[in-house]
Amino acid sequence: MHDSSPAPVPGTSPSPVPGTSPAPVPGTSPASRVPYRFERTSGASEVHARFDTLASGEESGQVVSVAGRCMLVRRQGRLVFATLRDASGSVQLFARSGVTEDLEGFSKLSLGDWVGASGQVMKTRRGELSVEVATWELLAEARRPFGDKWHGVSDVETRFRQREVDLWANERSREVLLLRSRVVESLRRRLWDRGFVEVETPMLHPIPGGALAKPFVTHHEALDCDLFLRIAPELYLKRLVVGGFDKVFEMGRVFRNEGISPRHNPEFTILELYQAYADYTDLMILVEELVSALAGELTGSAVVSYQGRQVDLSPPWRRATLSELVGEATGEEVDVHTPLADLRRLAGSVGIEAEPAWGSGKLLLEIYEKAAEGELWGPVLVLDFPAEVSPLARRHRSDPDLAERFEVIVAGRELANAFSELVDPDDQRARFVAQAEARARGDAEAMAVDEEYLRALEHGLPPTAGLGIGVDRLAMLLADVANIREVIAFPTLRPER
RNA sequence: GCGCCUCUAGCUCAAUGGCAGAGCAACGGACUCUUAAUCCGCAGGUUGGGGGUUCGACUCCCCCGGGGCGCACCA
């Protein structure tokens, strides 16, 4: 690892690239003179927790070392006040002649510079808790300007292209990403506590499956074959159930080669869980409990405010069948058995251009999505989707044209999708074939026949229920943000040119 | 992919078709208890790029690029 004469790194040029400034002599730039480590004793919030009770003007005599980024500098003659921010919060640095070494240098700190400072904790005469700087070190120089100290950075493009700037300049951005982190952590902990085993399944799939979506294609050189970035982990997770993992989950990235919108990023995080011996009614209870508990834990209440409206996530949630909701939205009582012609007419009346190949199930789904879904503030458990549009879900025990499937709708958007899993390999094959036919007719999002998965089913999948939750969407709900990019550290943007 | 909106100094924003400006940041100076906002001074721009109309374009028109929102598609 540490050759004395390292080989040239491929891709680097031995001579300076024309048009770029010459590389500085190694070891001489300011950035190379900063220390290799800094011994910090306290975070900013910890200093406040321990010393906020000091009286104005009181000196604690207790020395701490803090480190962070200089967000504000106020010079007052031979006094310098600086606001130091670290991951936990902010604390003021107070530098003065006779106490602070190299006060001259300290007074030249720029906004954005990283500093480590040691000194006693005291409270100024004006009552601001401060570290009275005795010794300090520059830990990183901010060579680039940092944005407006009052307005921060609000340019959306800068915020998402240079998230590191956004995160320092805008406290809210930090809070939102921190909340997302807690959502992920809490989901994991709650599932572990319930006995679910966390697993990891392939991201590179020979056949994209488990959802209806257009995949990204990539190529494996050694195998000389195309592979697809996964659009869902579903099929592999159910194969693990076949293998004996009776409660499994995976939380991870999936990739869908579709449009970008305030609610869609090409890569997003999904939580999928599978529980053997359970059906979709068990998962209704589970999803209600998970989401309401998360809201309580992370926002303090199961009633959350989203975009100016209240959402009461306390269980039980409203349960309504898809047909009922279509009826409410259109005033027409229809279901999956309604004659095709009537469904076509209804579809047309709500502004859908129905394709000739669509069956009654597809028509009903389209009508629901166009006329009903967006109006549901929720939370609502939308039950019993048509089997035709649910190729991996088990047929309803009381109606074979329906599937035992539900979606969770909150704020007009799908938050989760679940079903009693289709366990019959023959029926699964028939569903795959129907999908493949749709694919042959030009439906780029239809599934292909997955023989590997069918072979797994033939080894026996016990009664199983599966649930998928859009983690980004859940984070959006709890963080009360309207754009999915806010909850993704580095959302997809067109590359800079 | 289509439609609408938007792009001015490092940041946040101004400027009837008529000399491109302010605040903050930066830079130089003053100030021993400040709290985004002290005072004085000094700089800072191919107004996203290109073309057109005009005596004159940040402003009007066209093309291109980035971004936002909506539609479509989906979670």
Side-chain angles (χ1 to χ4, degrees), chain A residues 56-57 70-83 90-100 103 107-108 110-112 122-130 132 142-162 165-166 169-170 210-215 231-232 253-272 351-353 365-366 369-370 373-374 389 407-410 412-418 443-445 468-477 482-485 491 493-497:
Chain A
S56 293
C70 273
M71 302 306 292
L72 294 168
V73 181
R74 297 175 288 277
R75 298 176 188 86
Q76 186 68 34
R78 301 294 291 166
L79 298 181
V80 181
F81 302 90
T83 301
S90 298
V91 68
Q92 178 169 268
L93 301 182
F94 176 36
R96 65 202 304 187
S97 63
V99 175
T100 304
L103 182 68
S107 72
K108 289 191 170 127
S110 295
L111 299 191
M122 48 84 71
K123 202 171 256 189
T124 62
R125 296 209 279 269
R126 291 295 193 86
E128 178 77 23
L129 189 71
S130 308
E132 188 184 47
R143 276 207 250 176
R144 290 175 180 273
F146 201 66
D148 190 285
K149 70 182 180 184
W150 179 241
H151 297 98
V153 175
S154 60
D155 178 67
V156 176
E157 193 171 350
T158 305
R159 287 192 51 223
F160 292 130
R161 282 203 196 279
Q162 302 181 51
V165 172
D166 177 44
N170 299 313
L212 301 170
K214 205 182 302 176
I231 56 174
R253 210 72 61 81
V254 296
F255 308 85
R256 299 191 183 175
N257 204 343
E258 288 160 355
I260 295 176
S261 86
R263 288 161 294 276
H264 302 263
N265 198 65
E267 49 179 312
F268 64 99
T269 300
I270 198 167
L271 167 67
E272 285 198 9
I352 295 168
E353 290 180 36
L365 178 70
E366 291 288 330
E369 289 181 344
K370 179 89 176 184
E373 186 183 68
V389 294
E407 286 189 355
V408 176
I409 304 298
V410 179
R413 292 287 158 181
E414 180 184 341
L415 185 68
N417 182 21
D443 183 349
E445 291 167 1
I469 297 179
V471 174
D472 313 86
R473 293 257 175 101
L474 180 57
M476 288 170 69
L477 174 67
N483 195 318
I484 195 169
R485 289 174 163 169
L493 295 178
R494 190 179 296 274
E496 291 182 88
R497 306 191 325 145

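Residue A:R263 holds its CZ atom at 9.5 Å from CD1 of A:I484, rounded to the nearest 0.5 Å. In this structure, A:L79 CG and A:L103 CG are separated by 8.0 Å, a value rounded to the nearest 0.5 Å.
Applying the 4.0 Å criterion to OP1 and OP2 of B:G67, one finds that A:R161 has a side-chain N or O inside that range. Between A:R75 and B:C31 there is no side-chain polar atom (N or O) within less than 4.0 angstrom of OP1 or OP2. In this model, the phosphate group of B:U35 is not approached by any side-chain N or O of A:R74 to a distance below 4.0 Å at OP1 or OP2. Between A:R256 and the phosphate of B:A75, there is a side-chain N or O to OP1/OP2 separation shorter than 4.0 Å. Remark: A:N483 is in phosphate contact with B:C69, judged by side-chain N or O atoms under 4.0 Å from OP1 or OP2.
Of all nucleotides present, only B:C13 satisfies the Watson-Crick or G-U wobble test against B:G21, with each distance under 3.5 Å. B:C60: Watson-Crick or G-U partner is B:G52, with both key distances under 3.5 Å. Using Watson-Crick or G-U wobble geometry with both donor-acceptor distances under 3.5 Å, B:G65 finds its partner in B:C7. The partner of B:G41 is B:C27, by the rule that a Watson-Crick or G-U pair needs both atom distances under 3.5 Å. Under the Watson-Crick and G-U wobble criteria, each requiring two contacts below 3.5 Å, nucleotide B:G1 is paired to B:C71.
Across B:C11, B:C71, B:U35, the shortest atom-to-atom separation from the side chain of A:V153 is found for B:C11. Listed nucleotides B:A36, B:G67, B:U32 differ in distance to A:Q76; the shortest reach to its side chain belongs to B:U32. Taking only side-chain atoms of A:E157, from C-beta outward, the nucleotide of B:G66, B:C73, B:C33 with the closest atom is B:G66. Here the nucleotide nearest the side chain of A:S261, chosen from B:G66, B:C11, B:A72, is B:A72. Side-chain atoms of A:E445 lie closest to B:C73 of the nucleotides B:C73, B:C33, B:G70. Nearest to the side-chain atoms of A:K149 among the listed nucleotides B:C11, B:A37, B:G67 stands B:A37. Picking from B:C71, B:C73, B:C11 the nucleotide with the shortest atom distance to the side chain of A:D148 gives B:C11.
Between B:U47 and B:A30, the distance separating the two C1' atoms is 36 Å to the nearest Å. To the nearest whole angstrom, the two C1' atoms, one in B:G45 and one in B:U8, are 8 Å apart. Rounded to the nearest Å, the gap between the P atom of B:A9 and that of B:G1 is 29 Å. Between B:U46 and B:U38, the distance separating the two P atoms is 29 Å to the nearest Å. The gap from the C1' atom of B:C40 to that of B:C19 amounts to 27 Å, rounded to the nearest Å. Comparing the P positions of B:A22 and B:A15 gives an interatomic distance of 15 Å, to the nearest angstrom. B:A20 and B:C39 have their C1' atoms separated by 28 Å, with the value rounded to a whole Å. Nucleotides B:G29 and B:A14, compared at atom C1', are 30 Å apart to the nearest Å.
Nearest-nucleotide positions on RNA chain B for A:K370 and A:N265 put A:K370 closer to the 5' end. Comparing A:E267 and A:G259 by the nucleotide of RNA chain B that holds the closest heavy atom to each, the one mapping nearer the 5' end is A:G259.
Judged by distance alone, the side chain of A:R159 and the main-chain N or O of A:D166 form no donor-acceptor pair under 3.5 Å.
Put simply, the side chain of A:S154 and the base of B:U12 share no donor and acceptor less than 3.5 Å apart.
At a threshold of 4.0 angstrom between heavy atoms, the contacts of A:G470 with the nucleic acid are absent. Using a 4.0 Å heavy-atom criterion, one finds that A:G57 contacts no nucleic acid atom at all. Among the protein residues, A:R144 comes within range of no part of the nucleic acid, since none of its heavy atoms lies under 4.0 Å from any strand.
Contact check for A:N265 versus A:E267: side-chain heavy atoms found under the 4.5 Å cut-off. Side-chain contact between A:E445 and A:E258 is present, with at least one heavy-atom pair separated by less than 4.5 Å. Between A:V408 and A:E414 there is no side-chain heavy-atom pair separated by less than 4.5 Å. Contact annotation: the side chain of A:Q92 approaches that of A:T124 to within less than 4.5 Å [non-hydrogen atoms, C-beta and beyond].
Taking atom CG on A:L111 and atom C1' on B:U35, their separation rounds to 14 Å, with Å as the unit. Spacing between atom CG of A:L129 and atom C1' of B:U35 amounts to 14 Å, rounded to whole angstrom units. Rounding to whole angstrom units, CD1 of residue A:I484 and P of B:G70 are separated by 13 Å. Atoms CG (A:L72) and P (B:U38) sit 12 Å apart, rounded to a whole Å. The nearest whole Å value for the distance from the CG atom in A:L93 to the P atom in B:C33 is 18 Å. Rounded to an integer number of Å, the gap from CG of A:D155 to P of B:C24 is 22 Å. Remark: C1' of B:G67 and CZ of A:R494 are 10 Å apart, rounded to the nearest angstrom. Taking atom CZ of A:F81 as the reference point, atom C1' of B:A36 lies 16 Å away to the nearest angstrom.
By the 5.5 Å and 30° criteria, A:F268 is stacked with the base of B:A75.
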Audit row: A:F94, A:E128, side chain to side chain contact (heavy atoms under 4.5 Å, CB included) steps and yes/no: CA-CA 10 Å; A:F94 176 36; A:E128 178 77 23; over 6 Å; no
